Amino acid sequence: MLRKFIYSLVSKIRNISLDPQIPSAYLIRLLSGKIVNRIYGSIRLLTIRSVFLSPSAILRGSSCFKFGRNLMIGPRCYIDALGIEGITCGDGVSFGIGTTMIVTGSLQQLGKGIRIGNNVGLGTCGHYGGAGGLEIGDDTIIGNYVSIHPENHNFKDLDIPIRLQGVNHKGIKIGKGCWIGAKSTILDGTQIGNGCIVAAGAVVSGIFPDNVIIGGIPARIIKTRE
């Protein structure tokens, strides 16, 4: 009876169906951790919404951080929401262990912002910039070690060090229902349509239509999802 209750409660928190073979002791430890994160999230973000924030996560610029229900921020995440639009998360967004998300790369110029849709899962150890604006659509899943950079350095003048030539921004948009593979890199100006798949390790730059599979360095359309 107790196992059934714990199983049901963890399933509800994670919004997934759990494998019945998971040991009860594992579920109890997981549930106790979620309770701690829930209490800490409520205190840290001053909210009554269901937010699960690991005490080891660092959140800066919290006044620029907006979120919906069932937000999960895992251990050792670093989130800096300082920016013109800050960070906005929909319902059911999860940040994997070690996620780094920074809107403003330099205090000389505030970054635009990051907007994340509903039910988006960010894998472990990803890096997400928001200087030029980043949008991620609903139901998109992003693998481990993905990096997204909506910013470029200027470099045309050979007489001035690149670090002193400033930056330019176009922004990045990722559509709904996409799967971004592990260790892929998405560069400034990229637009990825709805339902797309980005292969692991791809370096993506350009504009891509809906429902295509993208891969390679530089990335290109490999095939269309039928």
Side-chain angles (χ1 to χ4, degrees), residues 12-16 33-105 110-151 169 171-180 184 186 190-192 194-196 198:
K12 185 176 180 180
I13 291 173
R14 298 299 298 270
N15 196 28
I16 56 175
K34 291 299 180 185
I35 292 173
V36 170
N37 291 354
R38 176 70 173 84
I39 295 171
Y40 181 76
S42 297
I43 296 172
R44 176 67 178 82
L45 296 172
L46 300 175
T47 182
I48 59 173
R49 294 180 183 175
S50 52
V51 175
F52 301 85
L53 175 62
S54 171
S56 66
I58 296 174
L59 175 59
R60 304 197 186 283
S62 57
S63 63
C64 300
F65 188 64
K66 303 177 182 66
F67 51 90
R69 297 167 297 175
N70 292 326
L71 173 68
M72 294 190 182
I73 300 178
R76 301 186 298 281
C77 290
Y78 181 90
I79 301 169
D80 191 336
L82 176 67
I84 297 170
E85 299 177 3
I87 297 174
T88 301
C89 299
D91 296 335
V93 174
S94 63
F95 290 65
I97 296 170
T99 295
T100 298
M101 185 172 288
I102 302 175
V103 174
T104 298
L110 286 179
K112 182 179 180 182
I114 297 174
R115 185 173 295 274
I116 302 172
N118 298 320
N119 304 311
V120 172
L122 309 178
T124 62
C125 300
H127 180 95
Y128 305 86
L134 169 61
E135 296 181 20
I136 302 174
D138 297 345
D139 300 306
T140 286
I141 53 175
I142 299 181
N144 301 331
Y145 296 96
V146 168
S147 59
I148 301 178
H149 308 277
E151 180 175 70
H169 306 120
I172 293 174
K173 294 183 180 180
I174 300 173
K176 299 179 180 180
C178 293
W179 171 21
I180 310 300
S184 57
I186 301 177
T190 297
Q191 295 182 32
I192 298 174
N194 298 328
C196 289
V198 174

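All residue numbers in this chain count up from 1 along the given sequence. All values derive from a computational prediction rather than experimental measurement.
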Self-check item: Contact list for residues 78-97, test ring-ring contact (aromatic ring centres under 6.0 Å, His included), sequence neighbours left out
Solution: none

Practice problem: Show your reasoning for whether side chain to side chain contact (heavy atoms under 4.5 Å, CB included) applies to I148 and I174. | Solution: CA-CA 10 Å; I148 301 178; I174 300 173; 3.9 Å; yes

Practice problem: Work out which heavy atom in I73 is nearest to a heavy atom in A57; give both atom names and the distance. | Solution: CG2-CB, 4.0 Å

Quiz prompt | Heavy-atom pair of closest approach, residues M101 and I114 | solution = CG-CD1, 3.4 Å

Quiz item: N37 and P55: which non-hydrogen atoms are nearest, and at how many Å?
Solution: OD1-CD, 3.3 Å

Counting only pairs under 3.5 Å, give me each side-chain donor-acceptor contact of residues 45-52, with atom names and distances, residues two or more places apart or in other chains.
| unit_1 | atom_1 | unit_2 | atom_2 | d |
| --- | --- | --- | --- | --- |
| T47 | OG1 | R49 | N | 3.0 |
| R49 | NH1 | F67 | O | 2.2 |
| S50 | OG | N70 | N | 3.0 |
| S50 | OG | N70 | OD1 | 2.8 |

Self-check item: Residue pair L82, L110: steps toward the side chain to side chain contact (heavy atoms under 4.5 Å, CB included) verdict
Solution: CA-CA 8 Å; L82 176 67; L110 286 179; 3.9 Å; yes

Self-check item: Spacing of NZ belonging to K112 relative to CD belonging to E151, to within rounding of 0.5 Å
Solution: 14.0 Å

Exercise. Would you mind listing every salt bridge (Lys or Arg N to Asp or Glu O under 4.0 Å) that reaches into residues 138-150, with sequence neighbours excluded?
Key: none

Quiz item: Can you name the residues that form a salt bridge (Lys or Arg N to Asp or Glu O under 4.0 Å) with D80, not counting sequence neighbours?
Solution: none

Self-check item: T104 to I102 - nearest heavy-atom pair and separation
Solution: O-CG2, 3.3 Å

Quiz item: Sub-3.5 Å donor-acceptor pair from the side chain of T140 to the main-chain atoms of C178, do we have one?
Solution: yes

Practice problem: Would you mind listing every side chain to side chain donor-acceptor pair (under 3.5 Å) that reaches into residues 123-134, with sequence neighbours excluded? | Solution: T124-N144

Self-check item: Closest non-hydrogen atom pair between P150 and G171, with its separation
Solution: CB-CA, 4.1 Å

Quiz item: Residues in side chain to side chain contact (heavy atoms under 4.5 Å, CB included) with S56, at least two apart?
Solution: S54, P75, R76

